[in-house]
Amino acid sequence: MWRRVIYHPEINYALRQTLVLCLPIALFWLLNDLRTGFLLSLVPACCNIGGLDTPHKRFFKRLAIGGALFVLSSLLLQQFLIWSIPLGVCMLILALLFGVTAEISPLHGRLMPAALVAGIFTLSMVDVLPIWYAPMLFMIGTIWYGLFTYVWFRLWQEQPMRESLSLLYRQLADYFEEKYSLLTQHTDPETALPPLLQRQQQAMDSISLVYQQIYMITDLKHPRHQRLMRAFQVALDLQEHITVSLHQPDEVQKLVEQSHAEAVIRHNAKIISHRLRILADDILYHRRPSAFNMDHELSALEKIANQHPDNPVGAFCYYHFSRIAYLLSSQLPLYNRSLMPAQNRLPFWRALKNYCSIKSIALRNAARLGLTLAAGTAIGSVLSLPKPYWILLTIMLVSQNGYNATRIRIQHRALGTMFGIIVGAVILHLHYPQNYMLLLMLFLTLVSYLIVRKNYGIAVIGFTITAVYTLQIIANSGMEFLLPRLIDTVIGCVLVFASTIWLWPQWQSGLLRKNAHDALETYQQHLRQMFSMTDNAPELSYTRMKVNQAHNTLFTTLNQAMQEPGFNSRYLTDMRLWITHSQFLVEHLNGMTVIARDQYVLIPELSKTYLNTCEIMIQSCQQRLEYDGPSSDTSMLQIVEPNSELPETTMERHLERVLAHLKSMHTISSLAWQQRPHHGIWLKRRLRDKS
């Protein structure tokens with residue numbers, strides 16, 4: 001029982017965040033200096049935003065860089081104010097100054113908003129405490145945060161990676177179960193495929209996260225890390241066999257009518273899904289897996305495959321189910337893989353050179369954030385708000401990458417703050433003793449961190465209550481800032497929403513063409529690797545993962561584009577159909593990878609012919625992505641017509657289906673790209689119609 005409590009992801013995270021916040025408060029409470037304890041508890045918020053709680057092989061180096069940026073931000077802001085530089089200009093300068101970190105790498109890019117939050121916290125101490133007090137506070141707080149986090153991760157070894165691996169196994173179980181529970185309902189891709197696409201996207205996101213965590217491990221040869229690496233490679237093998245295409249609805253229906261195959265397949269799928277969930281718990285709770293065997297269940301599936309040799313569905317399910325069962329029983333990967341290369345980190349001077357370009361995305365993001373902060377300070381001064389830095393803090397907390405994520409965060413922040421202020425006002429009127437209030441704050445902090453990763457809006461209620469009482473303790477004026485706090489939150493949310501739409505917006509619908517082109521390029525590279533006749537399983541696995549990740553990026557872009565204002569719904573409907581065919585193509589590539597590695601059967605001449613045909617079709621699709629005029633490549637379409645004769649091997653059947661999907665994607669491209677959206681025009685029309 002204690003393992004399920006202490007190793008539970010939400011409980012482990014909540015305990016870590018609560019302790020790192022509350023231990024300084026408890027220490028200074030014993031020293032009769034509660035105010036300093038609450039001020040010191042602000043620093044962990046900056047460290048969390050900056051990603052300094054991420055286990056990393058250069059953990060202390062990143063900690064030192066983050067602490068230095070916090071101190072520098074605090075000193076520069078106070079010095080700028082001494083020189084009578086307007087606060088809005090100060091925030092714009094700081095945003096542009098620290099924005100270069102995003103050009104170095106995405107992980108370093110999180111330090112920029114964290115440094116700006118440190119500067120905003122400094123505003124609450126200006127003209128109240130000495131100029132050296134805030135920088136010293138950030139220095140001590142960062143050291144405390146780093147030491148506590150290091151000790152915590154030493155105690156709960158590899159826990160972040162175990163949580164990600166456990167989640168990956170659960171997602172594979174959900175995907176597998178849903179895929180085969182709808183065995184006879186896959187005739188309509190419009191209704192059957194979207195749920196599976198969502199499951200596939202979640203699994204690929206978890207795989208990418210585990211890859212990032214692997215790169216941050218200092219010693220991969222340690223036995224503990226080797227066990228986790230082996231579990232991850234098994235998960236990659238499982239993902240390969242689970243996502244192989246079974247889109248043969250006519251053959252499935254025929255087999256179901258002729259036998260009891262549906263009940264057998266579902267029973268096997270249920271056992272496999274149950275075993276995957278058990279392994280997920282074993283990884284998370286540090287348990288050794290128990291023995292597993294499903295030979296009896298597989299024998300029934302093998303019998304059906306032998307009784308219906310002309311139907312490919314039975315043999316397909318038996319082959320992939322047996323391989324999955326072997327992986328689950330042995331807990332050993334089918335072969336050793338080469339890890340995908342880590343994301344490169346640019347040297348500082350090269351990153352600075354790229355950052356100075358007007359085309360730099362990091363520069364645009366920094367300018368957008370800086371201008372939004374400047375507008376917030378201007379509105380705060382015009383309205384003579386008593387604590388205008390709450391506007392700036394709200395801007396930093398609700399700003400996200402992308403329109404949809406920002407919109408959702410704004411809704412949660414605004415509603416959570418409103419309810420939190422109402423509850424906080426009631427609590428302040430009750431006049432409980434300070435000891436009871438501190439215990440209540442401890443409880444609210446723990447509960448808020450327990451739910452913050454699943455429901456940010458409800459967690460904001462608890463955070464708002466603790467913030468209100470913190471003001472009451474520090475300045476004895478919590479009641480005075482309830483209404484201004486709500487006004488500041490609303491102003492900050494409105495400013496962020498406006499800047500997301502009007503200041504260099506990054507509409508995902510504008511990236512669909514590029515991501516589709518990149519996906520086709522990865523498909524072509526994988527086909528070349530597959531037909532190269534070289535026995536290189538690790539390289540083939542690497543290109544297969546690139547194919548899955550490229551398609552996942554395209555699918556994520558479409559989902560985000562569907563939530564954007566002013567989009568062309570007809571264009572995105574066509575794109576959804578295009579991506580549906582792309583998903584089927586990826587599943588066929590997964591199946592071909594297994595065949596190419598285990599039982600390659602195509603002769604060189606036939607392999608070369610199919611490869612040339614696929615490359616012609618892929619290049620034709622890419623041309624349609626770049627050219628908006630009428631199509632003139634009908635000759636190419638005639639060249640790549642699927643064979644009328646029934647293919648003899650499983651590999652040939654996969655290839656014929658790949659060519660059919662490519663032809664459909666080419667036809668859709670000729671229609672879709674002519675009506676792609678221009679968000680400036682569409683958004684103006686949408687707003688005008690609403691007004």
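Remember, it's a predicted structure, so these values are computed and weren't measured experimentally.
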Residues in ring pair (Phe, Tyr, Trp, His ring centres under 6.0 Å) contact with Trp29, at least two apart in sequence or another chain
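Ring pair (Phe, Tyr, Trp, His ring centres under 6.0 Å) list for Trp29, sorted by chain: empty.
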Just checking, is any N or O donor in the side chain of [X] or [Y] under 3.5 Å from an acceptor N or O on the other one?
| X | Y | answer |
| --- | --- | --- |
| Asp205 | Ser208 | no |
| Gln78 | Thr122 | no |
| Trp152 | Asn12 | yes |
| Asn515 | Thr557 | yes |

Under a 3.5 Å distance rule, please check whether Arg154 uses its side chain to pair with a backbone N or O of Thr149 as donor and acceptor.
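Looks like no, no N/O pair under 3.5 Å.
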Under 3.5 Å donor-acceptor, Arg368 side chain and Leu503 backbone
yes
Show me the donor-acceptor pairs within less than 3.5 Å that the side chains of residues 491-501 make with the rest of the protein, sequence neighbours left out.
| unit_1 | atom_1 | unit_2 | atom_2 | d |
| --- | --- | --- | --- | --- |
| Ser499 | OG | Thr372 | OG1 | 3.3 |
| Ser499 | OG | Leu495 | O | 3.3 |
| Ser499 | OG | Val496 | O | 2.9 |
| Thr500 | OG1 | Val496 | O | 2.7 |

Qualifying residue, where the test is side-chain contact (heavy atoms from CB on, under 4.5 Å) with Tyr145 and the options are Leu40, Leu21, Val43, Asp53
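It is Asp53; the other options fail the test.
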Looking at every heavy atom in both [X] and [Y], which two are closest together, and how far apart are they?
| X | Y | answer |
| --- | --- | --- |
| Trp144 | Pro24 | NE1-CG, 3.4 Å |
| Leu75 | Pro135 | CD2-CG, 3.4 Å |
| Ala115 | Ser73 | O-OG, 2.8 Å |

For Tyr456 together with Phe463, are the ring centres under 6.0 Å from each other?
no
Sub-6.0 Å ring centroid separation between Phe153 and Phe59:
no
Test side chain to side chain donor-acceptor pair (under 3.5 Å) applied to Arg409 - qualifying residues, sequence neighbours left out:
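Side chain to side chain donor-acceptor pair (under 3.5 Å) list for Arg409, sorted by chain: empty.
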